[in-house]
J.: 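Please read through the structure below; I'll follow up with questions.
Both counts, for ligands and for their atoms, begin at 1 and track the order of listing. We number each residue from 1, following the sequence as shown.
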Amino acid sequence: MRHLLSINDIDKDFAITILDTAHEMARVSEGAVKKLPTLRGKTVVNLFAEDSTRTRISFEAAAKRLSADVINFTAKGSSISKGESLKDTAQTLQALGADAVVIRHPASGAAHQLARGKWISGTVINAGDGTHEHPSQALLDAFTIRKHLRGGKGDLSGVEVAIVGDILHSRVARSNVLLLTKLGAKVTLVAPPTLIPPQAQAWPVTISYDFNSVLPHMDAIIMLRIQQERMSDLYFPSEREYSSLFGIDTERLALTKPHSILMHPGPMNRGLEISAEAADSPQSVVVEQVANGVSIRMAILYLFIAGSQESSNE
Ligand code: NCD
């Protein structure tokens with residue numbers, strides 16, 4: 001059984017296959033009838049133990065466009081962060097006949113635990129586990145960058161990408177570093193030293209504390225949300241100082257290459273890491289990222305559910 005728990009689960013060729021498949025899926029979404037019969041009779045469970053808007057509705061739309069049955073299970077407030085409870089939940093999902101479980105969970109490693117536990121026979125897809133990984137977000141970001149900067153084809157060699165802000169708490173940053181570098185992009189992390197995890201020194205990236213000097217060289221700029229809900233300490237003196245040093249606004253956008261794109265996984269803290277004008281500027285592709293997310297998740301569900309069934313029948 002194939003699971004998507006981390007970007008480390010996929011090699012470069014398979015990542016490109018996912019992007020190419022998403023490209024085809026986008027054509028379906030643009031058509032008059034937005035539906036394919038591919039996953040008819042399959043059940044996809046969305047197990048969301050943490051708040052989410054985009055990712056949850058995106059996986060739901062993707063599963064429905066492939067004709068799967070969708071069960072939404074929001075477990076916020078329950079005690080599924082305890083191993084035993086996750087097992088109980090998993091056994092319930094197994095009894096419902098889940099062919100895939102899309103899991104978002106506040107605990108890093110929860111998706112791995114669900115897959116390793118062998119309590120369910122279906123595919124496990126990590127939709128964000130704690131501060132660890134969020135592979136489908138990285139794939140939709142790579143898809144968006146490739147579409148704008150590489151004509152929707154091939155890899156991302158030579159593309160310069162900045163990932164800016166709360167790297168420390170960001171599963172989006174971790175998955176993006178793994179995927180974008182795998183695809184040949186050059187990644188620069190920009191943040192105050194307090195928001196760079198110590199292990200980032202060993203990642204294949206450049207680290208900068210000076211946003212203005214980085215901006216003129218970038219093709220894509222990914223702004224990250226300041227994750228206040230995961231912050232137990234003070235990581236910067238004030239929001240005002242953070243915005244003035246690491247936020248993007250129209251003045252900073254003026255330092256960028258004209259063809260460069262501005263991205264954010266959402267939800268945005270307008271006025272903190274991104275000004276309202278920058279978020280709504282012509283360089284911003286934030287809304288398009290959401291649409292691309294549906295195509296990517298259609299590709300993931302298709303390749304991991306229909307694809308793994310084919311291989312297990314061999
Ligand atoms: C991200 C997440 O949940 O990790 N958002 C998302 O999936 N659209 C980023 C964030 O919450 O800041």
J.: Report yes if the distance between the aromatic ring centroids of Tyr235 and His169 is under 6.0 Å, otherwise no.
T.: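 Yes, ring centres under 6.0 Å apart.
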J.: Could you pull out all residues at least two apart from Phe246 that satisfy ring-ring contact (aromatic ring centres under 6.0 Å, His included)?
T.: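 Per chain and number, Phe246 pairs via ring-ring contact (aromatic ring centres under 6.0 Å, His included) with Tyr242.
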J.: Sequence neighbours excluded, which residues qualify as ring-ring contact (aromatic ring centres under 6.0 Å, His included) partners of His112?
T.: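 Partners of His112 under the ring-ring contact (aromatic ring centres under 6.0 Å, His included) test: His132.
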J.: Heavy-atom contacts with ligand 1 below 4.0 Å: which residues, ordered by chain and residue number?
T.: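 Ligand 1 is contacted, at a heavy-atom distance under 4.0 Å, by Thr55, Arg104, His134, Gln137, Arg171, Val172, Arg225, Gln227, Pro265, Gly266, Pro267.
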J.: For Ser213, which residues count as a side chain to side chain donor-acceptor pair (under 3.5 Å) partner, sequence neighbours excluded?
T.: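 Scan of Ser213 (side chain to side chain donor-acceptor pair (under 3.5 Å), adjacent residues dropped) gives Asp210.
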J.: Do Asp155 and Lys12 meet the salt-bridge criterion of a basic N to acidic O distance under 4.0 Å?
T.: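 Result for this pair is yes, salt bridge flagged.
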J.: May I ask you to decide whether Arg171 forms a salt bridge with Glu50, counting only side-chain N to carboxylate O separations under 4.0 Å?
T.: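 A salt bridge is present here (some side-chain N lies under 4.0 Å from a carboxylate O).
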